[in-house]
Amino acid sequence: MGWFHMSETRVRFAPSPTGYLHMGGARTALFNWLLAKHSGGRFILRIEDTDRKRSTTEFLDAILEDHRWLGLVWDEGPKIGGAAGPYFQSERADTYAPLIQKLLDEGSAYRCFCSPEELDDRRSRSSQKGHDWKYDRKCAALSKEQSAEHDAEGRSSVVRFRIPDGKTSFDDMVLGPVEVDNQELDDLVIARSDGTPTYNFVVVVDDSQMGITHVVRGSDHLSNTPKQILIAKALGTEPPEFGHLPLVFGPDKQVLSKRRGAVAIGEYRRRGYLPEALVNYMALLGWSCGGEQEFFSLDELVAEFDISKVSRKAAAFDPEKLAWMNAQWIKRLSVPERTARVVPFLAAAGLVSDTPDEKKLAELERIVHLIDDRLKTLADIVEHAGFFLAADITFDDIAVEKVLTKRESVNILDGLYGLLSDAPDFESETIEELTRRLAEKRGVGVGKVVRPVRVAVTGKEVSPGIFETLSLLGREKVLARLKAASELASTLTTE
RNA sequence: GGCGCCAUCGUCCAGUGGCUAGGACGCCGGCCUCUCAAGCCGGUAACACGGGUUCGAUCCCCGUUGGCGCUACCA
């Protein structure tokens, strides 16, 4: 090695393409990325795809896309490669066998011929007596001859790492000093009977060969750490720094996991969440820089991030607060920016084309401007803007029932129809004035008049300010809809 | 069971050996108002328990309880 500066911070995130990235995994990726960027280092993506049966390219592509979308661009990894490649664990297979042999030769590891059945048997017998089970080192002292004999008998074997005596300690970046007595550790299997290396061995080798300086991962890996440090030392390499992040719970206080149906990051994207909001929310889930600032851009996070300030307490993720944060980020978008982001959602609903022309875009911006702060998600645009863009409106049954069946509705709609037909222009001020005049004439508040008009024109009981809405919709559509609604209302009230 | 990690409002995050324990989400009420959002104002709500140490503990120590993780020829 020598292709990287020893002083450079090299951090990795190592997902398995056996499922989608969810909030928990994404937060780990984010914290890794922030640690790297804060210290001017590199963020490396390594794909742990050794479980060939469960790994799929669909998951891989989704994971990569989610990283890009969140802004967590990797400096080395899939698609772009790098000097420490390959970045797919499945392509690194041939580097492990010689290292296992090395440990075997040096006595740091030994072959074990105990079959899984034997082990199960001894394990259960031991636990019946109330003892905790650790491999009993039955094969730890096997001579070369005995091993050869077993081989001759065709017995299969694994390779176990010999845990040395003593204590293992490290200074966790999040948890602080951690020390374990090696007696608590098991002589773990590092190579299966088919020769393939196991996780705890592979990570150590990969991290070492890739020059990883800091390993940030979920605290579910905390108890693996001493074993990995011991393996690294046996291999003659310096273990990296470790930082164990508290787990992320769902609102049910259960650890977020793929199998519990944790929401995939891509799903948030499809639901109209902003990457800025996700990133901001995840960063604040278990981390704070002490102050009361609640909005952080990725750049600000890079500047402020300090892994030692990560909480040691598991945090429950709150969808409500995420939703609020998303709305806040949407509010901060300028109208043109917001419009651009909303187009894909309108296109998916068939309301506009994927690439609206300038004229359409200008219209959309007026609509978006009018909708103002009502969007909680980008996807909300469809229900808010649908009546502007669709040729026909869809009436909300309850709105019709509550409003258009009222006796006075027909008169109001017809009355306004008349006034608006003769209106000198279709500016919102004009429309408001005419509407208020109608209300006054009828001796009711303006709200009484607005209500049926709103239902008539939007199909719903809620919408942005009605005068602006009518103005933007244009006289032609407004008159047509007032007329249609009046007819509908009269069929409903005559009964 | 063993080993380990953790413990401030329902949730997220501050905080100090002495504070009316702070902010945010949510919730409740009010203002604004053509509806709904947004915004603004106000309210609700927490230091798990028991021992120490100390003049004084939410904070330091020990224990209890509780939560979680690990305990594979999975990663």
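These figures come from a predicted structure and were not determined experimentally. So that the names make sense, note that chain A is the first sequence line, chain B the second, and so on, each numbered from 1.
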With a 3.5 Å cut-off and just heavy-atom distances, do the side chain of [X] and the base of [N] make a donor-acceptor pair?
X: A:S463; N: B:rC36; result: no
X: A:K321; N: B:rA24; result: yes
X: A:R374; N: B:rC36; result: yes

Which nucleotide, in any strand shown, forms a Watson-Crick or G-U wobble pair with [N], with both distances under 3.5 Å?
N: B:rC73; value: none
N: B:rG56; value: none
N: B:rA7; value: B:rU65

If I pick the [atom1] atom on [M] and the same atom on [N], what distance separates them, to the nearest angstrom?
N: B:rC27; M: B:rC55; atom1: C1'; result: 42 Å
N: B:rC61; M: B:rA7; atom1: P; result: 11 Å
N: B:rG50; M: B:rG15; atom1: P; result: 26 Å
N: B:rA46; M: B:rG69; atom1: P; result: 29 Å
N: B:rC49; M: B:rU65; atom1: C1'; result: 7 Å
N: B:rA48; M: B:rU8; atom1: C1'; result: 10 Å
N: B:rC59; M: B:rG42; atom1: C1'; result: 31 Å
N: B:rG17; M: B:rU11; atom1: C1'; result: 29 Å

Would you mind classifying the nucleic acid contact of [X] as base, sugar-phosphate or nothing, using non-hydrogen atoms under 4.0 angstrom?
X: A:S16; answer: sugar-phosphate
X: A:G445; answer: nothing
X: A:P464; answer: base
X: A:V446; answer: sugar-phosphate
X: A:R454; answer: base
X: A:E432; answer: nothing
X: A:R54; answer: nothing
X: A:V255; answer: sugar-phosphate
X: A:I466; answer: base
X: A:F467; answer: base
X: A:N224; answer: base

Which nucleotide in the set [options] lies at the smallest distance from any side-chain heavy atom of [X]?
X: A:A316; options: B:rU35, B:rC12, B:rA75; value: B:rC12
X: A:K313; options: B:rA37, B:rC73, B:rC6; value: B:rC6
X: A:D220; options: B:rG39, B:rC6, B:rG69; value: B:rG69
X: A:S311; options: B:rC73, B:rC13, B:rC34; value: B:rC13
X: A:P116; options: B:rC34, B:rC73, B:rC68; value: B:rC73
X: A:F249; options: B:rC12, B:rA37, B:rC68; value: B:rC68
X: A:W324; options: B:rC34, B:rG26, B:rA75; value: B:rG26
X: A:V462; options: B:rU35, B:rA38, B:rC13; value: B:rU35
X: A:K253; options: B:rC13, B:rU11, B:rA75; value: B:rU11

Under 6.0 Å between ring centres, would you say that holds for [X] and [Y]?
X: A:Y20; Y: A:F59; value: yes
X: A:F31; Y: A:W287; value: no
X: A:H214; Y: A:F242; value: no

What integer distance in Å separates [X]:[atom1] from [N]:[atom2]?
X: A:L370; N: B:rA38; atom1: CG; atom2: P; answer: 17 Å
X: A:K167; N: B:rC3; atom1: NZ; atom2: P; answer: 13 Å
X: A:Q328; N: B:rG39; atom1: CD; atom2: P; answer: 5 Å
X: A:K331; N: B:rA37; atom1: NZ; atom2: P; answer: 14 Å
X: A:D372; N: B:rU35; atom1: CG; atom2: C1'; answer: 15 Å
X: A:H221; N: B:rA75; atom1: NE2; atom2: C1'; answer: 7 Å
X: A:E304; N: B:rC13; atom1: CD; atom2: P; answer: 18 Å
X: A:K448; N: B:rC34; atom1: NZ; atom2: P; answer: 14 Å

TODO: Can you spot which of A:L438, A:V450, A:L479 makes a side-chain contact (heavy atoms from CB on, under 4.5 Å) with A:L416?
DONE: A:L438
TODO: Could you label the plane-to-plane angle of the A:H150 and A:F113 rings as parallel, tilted or perpendicular, counting under 30° as parallel and over 60° as perpendicular?
DONE: tilted
Task: Residue mapping more 5' on RNA chain B - nearest nucleotide basis, A:P197 or A:L175 - done: A:L175
Task: A:C289 or A:Q254, whichever maps to the more 5' nucleotide of RNA chain B - done: A:C289
TODO: With rounding to the nearest 0.5 Å, note down the distance linking NZ in A:K227 to OH in A:Y199.
DONE: 10.5 Å
- [ ] Would you mind checking if A:R111 and A:D151 are paired as a salt bridge, meaning a charged N to carboxylate O distance below 4.0 Å?
- [x] yes
- [ ] Determine, for A:F295 and A:R332, whether the Lys NZ or Arg CZ falls below 6.0 Å from the six-membered ring centre while staying within 45 degrees of the axis.
- [x] yes
Open item on the list: According to salt bridge (Lys or Arg N to Asp or Glu O under 4.0 Å), who are the partners of A:E294, at least two apart in sequence or on a separate chain?
Closed with: none
TODO: Taking only the side-chain nitrogens and oxygens of A:R123, find out if one of them lies under 4.0 Å from OP1 or OP2 of B:rU71.
DONE: no
Open item on the list: At less than 4.0 Å, is any side-chain N or O atom of A:S219 found next to OP1 or OP2 of B:rC5? Yes or no.
Closed with: no
